[in-house]
2 protein chains.
Amino acid sequence: MVLCARGQEGKREKVGEMIDSETAELRVLDAAESLFYARGIQAVGMDEIRTASGVSLKRLYRLHPSKADLVEAYLRRRDVRWRRSLAAYVDARTDPQERILAVFDWLHDWFAEPDFRGCAFVNSFGELGATESAVAEAARAHKEEFFRYLADLATAADAPTPLADHLALLAEGAMTTAAIIGSPEPAHQARDAARLLLDATANGDARSA
Amino acid sequence: MVLCARGQEGKREKVGEMIDSETAELRVLDAAESLFYARGIQAVGMDEIRTASGVSLKRLYRLHPSKADLVEAYLRRRDVRWRRSLAAYVDARTDPQERILAVFDWLHDWFAEPDFRGCAFVNSFGELGATESAVAEAARAHKEEFFRYLADLATAADAPTPLADHLALLAEGAMTTAAIIGSPEPAHQARDAARLLLDATANGDARSA
DNA sequence: AAGATTTGAGAACGATCGTTCTCCTCGGGG
DNA sequence: CCCCGAGGAGAACGATCGTTCTCAAATCTT
């Protein structure tokens, strides 16, 4: 993944201000993530990423030969970090039903962050999904991974298969609703709904007309 | 709302090719809706809307003095047409619970349309919500109206207040999920979940720990 | 019928942006 | 000590886009 053949020993370690390729890449990805997520992809120019990261344009284009490449790197990294953060939070609980509900607690914490602006993949899909197929594919893959994770949590709780789909819809709806109305409250509502669905199926499905 | 003082009688009716202001506005809005929805707002230039609508740039800018103005008109019209279409579909049913479930049937029909690409407001919000506050506000207002409609359906079915929020999250989640995975199936899943929630509360809330 | 006015088609303008190029600096090897 | 290649800062280039302007044709007014 790293473009320049990271290092026959310390060929270019220079002094003081000089930064090596790995930290340059980190700074670029940090800047790209902050800016792309906060303002949208098309609203952020490469020059702004250069300024925010402190990396020269030349090096920026050596690390990512095009903006499309940088966008893909941004989405890739956002996907793994987002899912890792969620999994770390859920792993603090042991009871299978509690682990499912913890997903919505984690969502609430996320929604309450001051710079929360919805799901980066939904936003990117809405902006570029029709034009850049790589973005559409990244969003699809991210949601698929997330849904698979929910499905694993559901089967661990002995919940029937469709429940995982229902949880996914609640979580997904909470994300976009929280973003648009600007409140973390949908996380609580989604958690309540998830609780009802868990209880309804646990108590035997009394589905009368 | 109409800019040019629509008509001391037929002041400008010309012949043949000439089109009057009302049909020009319709053609512009049709073109804007198709293009903005299909490809995103920033990906469509004013020149393309001119070509698609067959209206001259001058007239286009007389009807909508800026692209931002056209975008707001697009969102306004999309909001009322979308909600009108949904209400017409739901009004074909009389049973209060059936009316709630009909929302998800309507969603399924929408998702199955070949050019379905998610909720126009979610997409616009993701693309421009951080930059253009009018877009963010339009999305918020649209979701609020939709949620109010669901709340009315829920109270008509004697459902407890939080159920309306749960239905909203399911519908919202189904929209973005259907868009990203490219399948209308989430509508069925959301309908199933709604059904479970309706039954769970109808049968008395058996919430045990 | 003739001048005033409006319109459409499209060129033009200015700004922005992705990408590349230039120039200058700086460190290392003879 | 002097050439050399690499790197940084930023100018430059080409394309796109929102918006305005030009100019000629067509219409309305009188």
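In the text below, chain A, chain B and the rest are named by the order of the sequence lines, each starting its count at 1.
The distance between atom CD1 of B/Ile41 and atom C1' of D/dT16, rounded to the nearest whole Å, is 18 Å. Look at CZ on B/Arg27: it is 13 Å from C1' on C/dG8, rounded to the nearest Å. With rounding to whole Å, B/Leu70 atom CG is found 15 Å from D/dC17 atom P. Distance, A/Leu60 CG to D/dG10 C1': 14 Å, rounded to whole Å. Whole-Å rounding puts the A/Tyr61 OH to D/dA6 P distance at 22 Å. In this structure, CD of B/Gln42 is placed 12 Å from C1' of C/dT16, rounded to the nearest angstrom.
In this structure, a donor-acceptor pair under 3.5 Å is absent between the side chains of B/Glu185 and B/His108. A donor atom on one side chain and an acceptor atom on the other are found under 3.5 Å apart for A/Trp106 and A/Ser85.
For A/Trp82 and A/Phe146, the gap between ring centers is short of 6.0 Å.
Heavy-atom distances under 4.0 Å link DNA chain C to no residue of residues 123-131 of chain B. Residues of residues 45-57 of chain B having a heavy atom closer than 4.0 Å to DNA chain D, listed by number: B/Gly45, B/Met46, B/Leu57.
Annotation: of the two residues near DNA chain C, A/Ala68 and A/Lys58, the 5′-most nearest-nucleotide partner is A/Ala68.
Contact check on A/Asp30 versus A/Arg77 returns a salt bridge, with a Lys/Arg side-chain nitrogen under 4.0 Å from an Asp/Glu carboxylate oxygen. Taking the charged nitrogens against the carboxylate oxygens, A/Glu25 and A/Arg59 have no contact shorter than 4.0 Å, which rules out a salt bridge.
A/Lys67 comes within contact range of the sugar-phosphate backbone alone, with a heavy-atom separation under 4.0 Å but no base atom that close.
Phosphate proximity of C/dT7 to B/Arg59: absent, as no side-chain N or O sits under 4.0 Å from OP1 or OP2.
Side chains of A/Ile181 and B/Glu144 form no contact here, defined as non-hydrogen atoms less than 4.5 Å apart. Inter-residue side-chain proximity for A/Leu29 and A/Leu70 is flagged as met; some heavy-atom pair is nearer than 4.5 Å.
Nearest heavy-atom pair, A/Ala179 versus A/Arg117, reported as atom, atom and distance to 0.1 Å: CB-C, 3.9 Å.
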- Show your working on salt bridge (charged side-chain N to carboxylate O under 4.0 Å, His left out) between B/Arg99 and B/Asp105 and close with a plain yes or no. CA-CA 10 Å; B/Arg99 285 168 65 84; B/Asp105 296 333; over 6 Å; no
